[in-house]
Each structure stands twice: as structure tokens, then as C-alpha cells.
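See below for the structure under consideration.
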Amino acid sequence: MSNTGKVAKHAAMIGIFTLISKFLGFLREVLIASKYGSGYETDTYFVAMTATTILMTTIGASLNTTLIPIFTEIGERSGRRGKLRYLNNILNVILLITILLALFGFFLSPIIIKILAKGFEGEQFQLAVKLNRVGLPIVIFLGFTYVFSGYLHSSEIFGPPAIMGLPYNFVFLFFLIFFADKGNIEGLMLTSVVAASTQFLIQIPAIRYQGYRYKLDVNLSDPYLKRALVLVLPVMMGSAVQQFNTVIDRTLASSLVEGSISALTYASRLKDLIISVFVAAVTTVVFPMLSKAFSQEDIRQVKKILNQGINIILIITVPATMGIIVLSEPIVRIFFQRGAFDSNATIMTSQAFIFYSLGLVGASLRLMLNRVFYAFHDTKTPMLNGAFAVGLNIILNLILIRFMAHSGLALATSISATFTTLLLFLSLRRKIGPIGLRNYLKCFLKVLFASIVMGILVYFIYFGLTANLISSTIGEFVILIMSIGIGASIYFILCSILRVKEVRLLFKGLIRK
């Protein structure tokens with residue numbers, strides 16, 4: 001099977017399971033709201049969960065990113081046995097680190113809660129500390145999860161990591177349907193611990209099938225262990241920089257009219273949903289392939305894989321951007337407008353959603369390019385690029401907020417993402433030579449033309465059918481889905497006519513899965 005076919009096939013599988021997991025996660029949130037409401041208990045639970053997972057999520061994601069190229073290099077030099085020895089070593093080191101983090105978290109829990117929730121006092125403060133301590137085993141389980149998924153991804157085994165969101169959410173749904181009741185928030189935290197354990201447990205059969213058997217053996221002098229520690233720090237700093245960027249946006253939005261922060265938050269979640277379901281699926285598949293090509297010093301293959309990955313991302317994100325521009329307001333209204341979320345909130349959120357979407361291509365390509373640099377064991381360039389992106393974003397925030405309020409903050413994020421992505425392209429070109437920018441531009445112009453035609457037709461289909469429709473959320477939803485379906489069909493037909501070859505392979509991958 002060609003590399004493009006492999007990317008399409010595995011990305012389709014990951015995207016489908018991610019979409020199912022997101023849907024189950026949505027049901028989970030609905031049931032939590034239904035069983036516990038929105039107040040004292042849920043506020044305390046969410047703060048305690050944040051205190052439990054915030055550090056390990058950053059460390060774990062960074063660890064997963066840096067382990068894949070290291071596992072790949074070891075596999076090329078020492079075979080599967082070498083990879084398994086390193087897996088055992090890094091697993092024991094992470095076990096030791098996470099146990100220490102959990103112990104520190106137990107004793108420092110009151111301080112952590114005070115920092116994250118200054119307003120918690122008395123019984124609520126004590127409950128938050130208790131819940132935080134109950135949930136600390138999650139730190140250890142997350143460590144195992146990221147190490148296992150890093151090994152499997154490096155071996156181009158994507159199934160178990162892709163489906164781990166399913167048992168996670170099923171555990172929650174089982175508890176919430178049969179056992180949850182108001183006043184039993186401790187049970188929800190215990191369920192969180194059990195659910196977190198399923199994420200690494202479901203990967204164990206695949207790990208054992210590879211021949212792994214656990215041994216209590218630690219080699220601190222392993223040069224690959226030292227390399228992992230050196231590489232992971234810049235990735236962590238880059239991730240922290242992005243978190244800081246979000247904090248700055250929310251801080252500036254707090255000076256605007258009420259609802260600005262919520263509008264940005266909801267719009268950002270909608271944008272991130274597209275990236276997590278579709279774009280992250282592509283980068284997850286491409287990353288180990290790039291690492292393998294780099295470890296073999298096959299720069300020609302690196303460029304070929306990069307070319308296919310970027311073109312597939314363009315095929316996904318350009319029409320998504322056009323669709324959001326056309327249908328932003330009805331999407332937000334159908335999914336969010338109810339109860340306290342009124343028509344004004346819909347307008348504010350849809351405006352932010354449109355301006356966030358303008359940076360969807362840039363943000364998605366940056367995610368891809370960062371993985372390319374990580375495959376080269378270069379974690380410094382993405383870190384510096386991320387720091388520059390934050391600085392540029394702050395400057396643009398201060399300028400655009402004066403004229404566009406919260407929409408200016410969203411637009412600043414988009415401009416920053418797009419500009420810094422162009423800088424990453426230039427940095428990569430200096431690193432490995434010509435990377436086929438003309439080919440990317442050719443693909444972009446083709447899918448842009450197809451997207452514009454699709455957007456015009458979808459506009460007339462949706463707003464033409466809803467013009468005389470009696471107010472009905474279900475009716476609007478049906479027309480929205482129908483419009484998107486027709487638009488997607490038109491888009492793929494046009495891309496086929498324009499001979500965008502990755503579309504055909506992507507479509508075959510979807511059919512195969």
C-alpha cells in the first residue's frame with residue numbers, strides 16, 4: 001500500500017473513533033450536568049480534576065511526542081528487542097516519577113487548590129482537597145498511557161490508542177446511569193480514576209503481542225533515556241507557552257462585555273473539535289512514518305510523506321473553513337442556543353468562530369510541521385516558533401481588541417498561527433532543502449476553488465430551505481446536515497475533476513475502514 005493510502009486508511013480509522021469518543025464525551029457531560037447540576041459539587045469536582053491532571057497532561061503529551069522518534073531510531077538500530085528493553089526502562093522511570101508526583105500532590109493539595117480556586121473556603125475547600133487526593137492515581141495511569149501509545153505509534157499500530165477513549169467514556173456512562181446521585185461526588189471522582197486506568201489497560205494486549213514482558217529493571221545510564229529528557233523539556237515549554245497564550249486571551253476578554261470569554265471558549269472548542277478529529281488523526285499517522293524515514297536518513301522519503309500529509313490537511317481544512325464562514329451562525333444556534341444561552345450569545349460565539357476558522361489552515365499545518373521537526377529530534381525550533389507566536393498574538397490582541405472586541409482576539413490568534421506557520425515552512429526549507437512549496441500552492445488553489453463553489457451552493461441550499469421554515473431545531477438540524485452532506489459531495493466531485501489525487505486515496509481509505 002502507498003504511503004498516501006496508509007495515511008488515509010489509518011487517519012480515517014483514528015478520526016472515526018475520535019468522533020465516537022467525542023460524542024460519548026458529550027453524553028458524559030450531559031449526564032454529569034443532569035445528575036449533579038451546575039453548582040457547588042460540580043465546581044469542586046472540575047477544579048479537583050484540573051489540579052490532578054494539568055501537570056501530567058502537559059508532561060505526558062510532550063513525552064509521547066518525543067518518545068516516538070526515539071523508539072523508531074532504536075528499532076532501526078537494535079530491532080524490536082531493543083525497543084522493548086527501552087520501553088521497560090522508560091516505563092519504570094515514568095512509574096517512579098509519577099509516584100513521586102502523586103506523593104507531592106497529596107501533601108501539596110491544599111496549596112494547589114488555593115492557587116486554582118481562591119474562592120473556595122470551608123467545606124468546599126476541604127472537599128476539593130479530598131477529591132484531588134482521591135484522583136491522584138490518575139497521574140500514574142496517564143504516565144503508562146502515554147508511554148504505551150508512544151511505543152505503539154512508533155510501530156505504526158494505531159488501533160488500541162485510537163479506541164482508548166471508548167472504555168474511558170463507557171465507565172463514566174455506566175456509573176452515571178446506574179449509581180450517580182447528587183451528594184455522591186466522591187463516587188464520580190473514583191469513577192474518573194477507574195476510567196483513566198482503562199486507557200492504558202486496553203493497550204496492554206497489543207503491547208504483550210509485541211513480545212513485551214515487564215521487568216523491575218532501571219538503567220539510568222541509558223543514553224536514549226537522557227536524550228528523552230533533553231528533548232522533552234523544549235516540548236513542555238512550547239506546550240506551556242500555548243497555555244499562556246490562552247490565559248492572555250481570556251484575561252483581555254474579561255475587560256470586554258459580559259459573555260466575551262464564553263464566546264471565545266465555545267468557539268475555540270468548536271475549532272479544536274475539527275483539529276482533534278481530522279487533523280490530529282493525520283499527524284498521528286504521519287509522525288512515526290516521518291521518524292522512520294529520518295532514522296534511515298532518507299530525506300527524499302521524508303519530503304514525500306510530508307507532501308502527502310500537508311496536502312491531505314489542506315483538503316480537509318480549506319473546505320472546513322469555508323463551511324464555517326457560511327454556516328457558523330446556524331451551527332452555534334442549533335448546538336448551543338437554549339436556556340441561558342440566548343440569541344446574543346449565539347451571535348457573539350458565531351463571530352468568534354468565523355475569525356478562529358480563518359486560522360484553521362495555519363494552525364493545522366503548524367501541528368503537522370511541529371511533528372516534522374520532532375521527527376528530526378529538533379524540539380527547539382517549534383518551541384521558539386511558539387514563543388514568537390505568543391508575542392505576535394499579544395501585540396495583535398492589543399491592536400485588534402480596540403476595533404473588533406472579542407472577535408479581534410480570535411482574529412489575532414488566526415493571523416499569528418498563519419504567519420508563524422509560514423516561518424516554520426521557511427525554517428524547514430533551510431533544514432532539508434526544497435520541500436515542494438509549488439506543489440502545496442497548486443493543491444491549495446484547487447481545493448480553494450472547489451471550496452468556494454461548495455460554499456456558494458451550500459449557502460443557497462441551507463438558507464433557501466430554511467427561509468420559510470417554521471422555527472424548529474430538529475428541522476433546522478436536518479437541513480443543516482443535508483446541506484453539509486450535499487456540499488461535501490459537490491466538493492469531492494470537484495476535487496476529483498480537478499485531479500487532486502489525495503482526495504481519491506483519502507476516499508478509498510474511508511471506504512476501506
Side-chain angles (χ1 to χ4, degrees), residues 1-11 14 64-79 83 150-158 224 227-228 230-231 234-235 238 279-317 361-362 364-385 420-444 500-502 505-506 509:
M1 186 186 295
S2 69
N3 284 328
T4 308
K6 288 172 66 176
V7 173
K9 175 185 173 182
H10 292 305
I14 295 171
N64 179 268
T65 299
T66 53
L67 281 180
I68 292 174
I70 293 177
F71 274 129
T72 303
E73 181 180 332
I74 295 172
E76 289 295 320
R77 295 185 177 183
S78 306
K83 286 179 67 175
Y151 176 88
L152 292 174
H153 283 160
S154 72
S155 303
E156 297 187 21
I157 300 171
F158 302 102
Y224 288 109
R227 183 185 296 184
V230 170
L231 291 175
V235 181
V279 178
V282 176
T283 58
T284 298
V285 176
V286 167
F287 187 27
M289 294 170 63
L290 286 168
S291 299
K292 183 177 181 179
F294 177 73
S295 66
Q296 296 173 341
E297 299 183 354
D298 189 348
I299 299 299
R300 182 178 179 182
Q301 184 70 0
V302 167
K303 293 179 180 180
K304 184 178 179 181
I305 295 169
L306 176 64
N307 180 283
Q308 294 162 350
I310 287 178
N311 283 347
I312 289 175
I313 288 175
L314 289 173
I315 288 165
I316 295 169
T317 54
V361 174
S364 301
L365 290 177
R366 187 168 70 181
L367 183 64
M368 176 72 185
L369 293 174
N370 281 343
R371 294 299 183 97
V372 178
F373 282 100
Y374 296 151
F376 292 164
H377 296 188
D378 179 359
T379 55
K380 184 178 178 181
T381 299
M383 179 191 72
L384 294 176
N385 184 269
T420 51
T421 297
L422 294 175
L423 294 182
L424 276 180
F425 270 114
L426 295 176
S427 297
L428 185 60
R429 193 178 189 281
R430 285 195 296 268
K431 194 177 189 71
I432 64 174
I435 55 177
L437 290 176
R438 184 176 298 176
N439 178 63
Y440 302 148
L441 181 61
K442 184 178 178 181
C443 179
F444 173 76
V500 182
K501 63 179 182 179
E502 285 83 4
L505 292 167
L506 187 63

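Numbering starts at 1 and runs along the sequence shown.
To the nearest 0.5 angstrom, L306 atom CG is 6.0 Å from L428 atom CG. Between the CG atom in L314 and the SG atom in C443 there is a gap of 5.0 Å [rounded to 0.5 Å]. Once rounded to the nearest 0.5 Å, the distance linking CG of L365 with OG1 of T421 reads 6.0 Å.
Closest of all the heavy-atom pairs between G309 and M368 is CA-CE, 3.9 Å. Pairing each heavy atom of S364 with each of T317, the nearest pair is OG-CG2, 3.4 Å. In terms of heavy atoms, E156 sits closest to P288 at CG-CB, 4.4 Å.
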Could you give me the CA-CA distance, side-chain angles and deciding distance for I313 and L367, then say whether side chain to side chain contact (heavy atoms under 4.5 Å, CB included) is met? CA-CA 10 Å; I313 288 175; L367 183 64; over 6 Å; no
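With a 4.5 Å cut-off on side-chain heavy atoms, T379 and Y374 count as touching. Side-chain contact between N311 and N439 is present, with at least one heavy-atom pair separated by less than 4.5 Å.
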Report, one line per pair, each donor and acceptor closer than 3.5 Å where one atom sits in a side chain of residues 70-78; sequence neighbours left out.
| unit_1 | atom_1 | unit_2 | atom_2 | d |
| --- | --- | --- | --- | --- |
| T72 | OG1 | I68 | O | 2.8 |
| E73 | OE1 | R227 | NH1 | 2.6 |
| E73 | OE2 | R77 | NH1 | 3.3 |
| E73 | OE2 | R77 | NH2 | 3.4 |
| E73 | OE2 | R227 | NH1 | 3.1 |
| E76 | OE1 | Q296 | NE2 | 3.4 |
| E76 | OE2 | Q296 | NE2 | 3.4 |

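Contacts of R430 classified as side-chain contact (heavy atoms from CB on, under 4.5 Å), with partners at least two apart in sequence or in another chain: L426, S427. Applying the side-chain hydrogen bond (donor to acceptor under 3.5 Å, both in side chains) criterion to T381, with sequence neighbours excluded, gives D378. In terms of the side-chain hydrogen bond (donor to acceptor under 3.5 Å, both in side chains) criterion, residue partners of T420 (sequence neighbours excluded) are, by chain and number, R366. In this view, I299 and K303, I432 satisfy the side-chain contact (heavy atoms from CB on, under 4.5 Å) rule, not counting sequence neighbours. Remark: F158 engages H10, H153 in a ring-ring contact (aromatic ring centres under 6.0 Å, His included) (not counting sequence neighbours). Not counting sequence neighbours, K442 has no partner by the salt bridge (Lys or Arg N to Asp or Glu O under 4.0 Å) test. Residues meeting the side-chain hydrogen bond (donor to acceptor under 3.5 Å, both in side chains) test with N370, sequence neighbours left out: none. Residues satisfying the side-chain contact (heavy atoms from CB on, under 4.5 Å) test with L437, not counting sequence neighbours, are F425, R429, I435, Y440.
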